[in-house]
Amino acid sequence: MAEKITKRGVNYSEWYNDLVLQSGLAEYAAVRGCMVIKPYGWAIWENMKTVLDAKFKETGHVNASFPLLIPKSFLEQEEGHAEGFAKECAVVTHYRLKTDPDKKGKLKVDEESRLEEELIIRPTSETIIWNCYKGWIQSYRDLPILINQWANVMRWEMRTRLFLRTAEFHWQEGHTAHATSEEAVEETVKMLHVYADFMENYMAVPVIKGVKTANERFAGAIETYCVEGLMQDGKALQCGTSHFLGQNFAKAFDVKFLNREGKQEFAWATSWGVSTRMMGALIMAHSDDDGLVIPPRLAPLHVVIVPIYKTPEQLAAISAIADNLMRELKALQITVKYDDSDQSKPGWKFAEYELRGVPVRIAIGGRDVENGTVEIARRDTKEKSTVKNEQLGLYIKQLLEDIQQNLYNRALQFRENNTHAVDTWDEFKTRIEQGGFVSAHWDGSSETEEKIKEETKATIRCIPLDAVQESGTCVFSGKPSSQRVLFARAY
RNA sequence: CGGGGCGUAGUUCAGCCCGGUUAGAAUGCCUGGUUUGGGACCAGGAGGCCGCUGGUUCGAAUCCAGCCGCCCCGACCA
């Protein structure tokens, strides 16, 4: 099937598109801006979900499901939120079609079925959920509420890109309610760390944890925390966000509770989410000109075994070896596929599994049967080695861990090589042009932030949580600053 | 919403400028055979409302008008 992927060096975004389409992760849907996530892509997303879902539950959260449709009036309740999302909402205005009397076989909207109040296809669920919470919260004893929802949402984006920005996307959204501000902030930060841990230890993508500036903050939030990753083309990608919403939504939906002192108080809120956009991060962080490179901990398939044979007898001998090996690997929770299909030659299979990013390939041929060996090839480095066919299970298990670690180290090294502290405006412009993170002093004003964006297309990705306090002067305005912030061009 | 591109076989595309037999190629698919240590080869076969609607013409994939759709680049966003 797949042929010629555009080289990264030639055109990075074409490379990305080719890769997504040809590796079978997804394809364009018949609907503008929407994508079909194919079984292989969905399998990776399912692995992400499984890990995250377990982490959410370990931290005390439970899952629930809220409606896809939100009454328009709900969205109006919280002013900042409404402004932020109004421009990109799909609106349901009617509930019925009828056959068109003028055009045979065609349907038209039945004007008599107009809804009294329009419904919005959820771009995010704060409003419908806080409307529910009003009924669920009367006392501090009802708090905290720690709920997560796995769902699809819709934002009518002007411009879309596979996984990175589609009109419909899948995500999880946590929505919690707390009795105190401190507790809500603690929750916000806790979930940020859950995300960072996931990105680094499963996706093998190192991330910077930080807070957004006012400009970049979520619509309706008091504070937005984020994890930012760096892609191979030097652009930053926001991988996840966790918001401290203060009492904004409680006030908007009149969610009050009686505290210990018997006084009415508005509840404190957080929301946090990661989406199928992480698929984009996964792809862009590790893959190469030959195809995907998937970290073992998220790979739907860890090992593929390819037989190389000339005669049925040879195939039988190879299959016997493969059977044993598969049993051993499966016992170690390693997923393995034996591709003895005679539809394609070994070379074709090699290329195909490389394209799909399977971490380890084992080839067994006539030579190997004679010598009691197998050939093992790792996807991350493309290294091949011939090893004795003994104790292979543990060897492969270790190899998968090495690959996982190597991918992380490689990505971290890349980020470090592409993160620079600068102190002058000229240096800033040069560095931004070259890509990567630029650490610089900023005077803290939105005006300066806007001007820098206009001139360089760079935005403040975040104010890192671990930023050291040091006095300096803003790289643009020369005004005093107490810490460096992280700039980059971003997706 | 601005700029650009594209719509012809499952897929990628040629043909269109300059209208004229039965609309082509590659690849994929089906049948049979030979192959198999880095995307094999031979032979045969199936597969098309040429995006839609209308117009010009003896005749339209090709010219004209309108419409629809998608992709890419910008502004906006997870």
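Naming: A, B, ... by sequence-line order, numbering from 1 per chain. It should be emphasised that the depicted structure is a prediction, and the values quoted were computed from it without experimental measurement. Keep in mind that the numbers below use all heavy atoms, side chains included, and drop hydrogens, waters and symmetry copies.
Here the separation of B:G28 from B:C16, taken at their P atoms, is 27 Å to the nearest Å. Taking the P atoms as reference points, B:U36 lies 41 Å from B:A23, given to the whole Å. B:A46 and B:C58 are spaced 37 Å apart, taking the P atom of each and rounding to whole Å. Between B:C67 and B:U12, the two P atoms lie 27 Å apart (nearest whole Å). Between B:G3 and B:A9, the distance separating the two C1' atoms is 33 Å to the nearest Å. With C1' as the reference atom, B:C1 and B:C76 are 10 Å apart, rounded to whole Å. Between the C1' atoms of B:G37 and B:G74, the separation comes to 50 Å (whole Å). The same atom, C1', is picked in B:C73 and in B:C30; the two are 42 Å apart, to the nearest Å.
Atom pair A:Leu21:CG and B:C70:P shows a separation of 16 Å (rounding to whole Å applied). Separating the CG atom of A:Asp342 from the C1' atom of B:G33 is a distance of 13 Å, rounded to the nearest angstrom. Rounded to an integer number of Å, the gap from A:Asp339 CG to B:G37 C1' is 15 Å. At whole-Å resolution of the value, CZ in A:Arg367 and P in B:U36 are 14 Å apart. Going from atom CD of A:Glu375 over to atom C1' of B:U36 covers 15 Å, rounded to whole Å. Across the protein-nucleic acid pair, A:Glu352 atom CD and B:U27 atom P stand 17 Å apart, rounded to whole Å. When the C1' atom of B:G37 is taken as reference, atom NZ of A:Lys384 falls 8 Å away, rounded to whole Å. Taking atom CH2 of residue A:Trp348 and atom P of nucleotide B:G37, one finds them 15 Å apart after rounding to whole Å.
At a threshold of 4.0 angstrom between heavy atoms, the contacts of A:Glu14 with the nucleic acid are absent. At the heavy-atom level, A:Gly366 lies under 4.0 Å from base atoms of the strands shown. Within 4.0 Å of A:Val374, counting heavy atoms only, lies no atom of the nucleic acid at all.
With a cut-off of 3.5 Å on both pairing distances, the Watson-Crick or G-U wobble partner of B:G74 is B:C1. B:C49: no Watson-Crick or G-U partner with both key distances under 3.5 Å is found in any strand. Under the Watson-Crick or G-U wobble criterion, with both distances below 3.5 Å, B:A14 has no partner in any strand shown. With a cut-off of 3.5 Å on both Watson-Crick or G-U wobble distances, the partner of B:G69 is given as B:C6. Pair check for B:U22 finds none; no Watson-Crick or G-U wobble contact set falls under 3.5 Å. When both pairing distances are held under 3.5 Å, B:C41 makes a Watson-Crick or G-U pair with B:G33.
Of the N and O atoms on the side chains of A:Asp342 and A:Tyr309, not one donor lies less than 3.5 Å from an acceptor on the other residue. Using modelled atom types and a 3.5 Å distance limit, the side chains of A:Asp368 and A:Asn389 yield no donor-acceptor pair. Between A:His286 and A:Gln232, the side chains place no donor N or O within less than 3.5 Å of an acceptor N or O (distance only, hydrogens not considered).
With A:Tyr40 as the aromatic partner, A:Arg356 meets the cation-pi criteria of under 6.0 angstrom to the ring centre and within 45 degrees of the ring axis. Cation-pi check for A:Arg361 over A:Phe350 is met; the charged atom lies under 6.0 angstrom from the ring centroid and within 45 degrees of its normal.
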**Q.** Letter per nucleotide, 5' to 3', of nucleotides 73-78 of chain B [B base touched, S only sugar-phosphate touched, - untouched; heavy atoms, 4.0 Å]
**A.** BBBBBB
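In this model, the phosphate group of B:C72 is approached by a side-chain N or O of A:Tyr28 to a distance below 4.0 Å at OP1 or OP2. Contact between the side-chain N/O atoms of A:Lys345 and the OP1/OP2 oxygens of B:G37 is found at a separation under 4.0 Å.
Not a single donor-acceptor pair, N or O on each side, falls under 3.5 Å between the base of B:G38 and the side chain of A:Lys382.
The distance from the NZ atom of A:Lys72 to the CG atom of A:Leu119 is 10.5 Å, given to the nearest 0.5 Å.
Applying ring pair (Phe, Tyr, Trp, His ring centres under 6.0 Å) to A:His170 and the options A:Trp150, A:Trp45, A:Trp42 leaves one that passes, A:Trp42.
With ring centers used as reference points, A:Phe218 lies 6.0 Å or more from A:Phe244.
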Q: Dump the intermediate steps for side-chain contact (heavy atoms from CB on, under 4.5 Å) on A:Asp290 and A:Arg379, then the final yes or no.
A: CA-CA 10 Å; A:Asp290 295 317; A:Arg379 177 65 183 87; 3.7 Å; yes
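RNA chain B is contacted by both A:Arg361 and A:Leu162; A:Arg361 maps to the nucleotide lying nearer its 5′ end (nearest heavy atom per residue).
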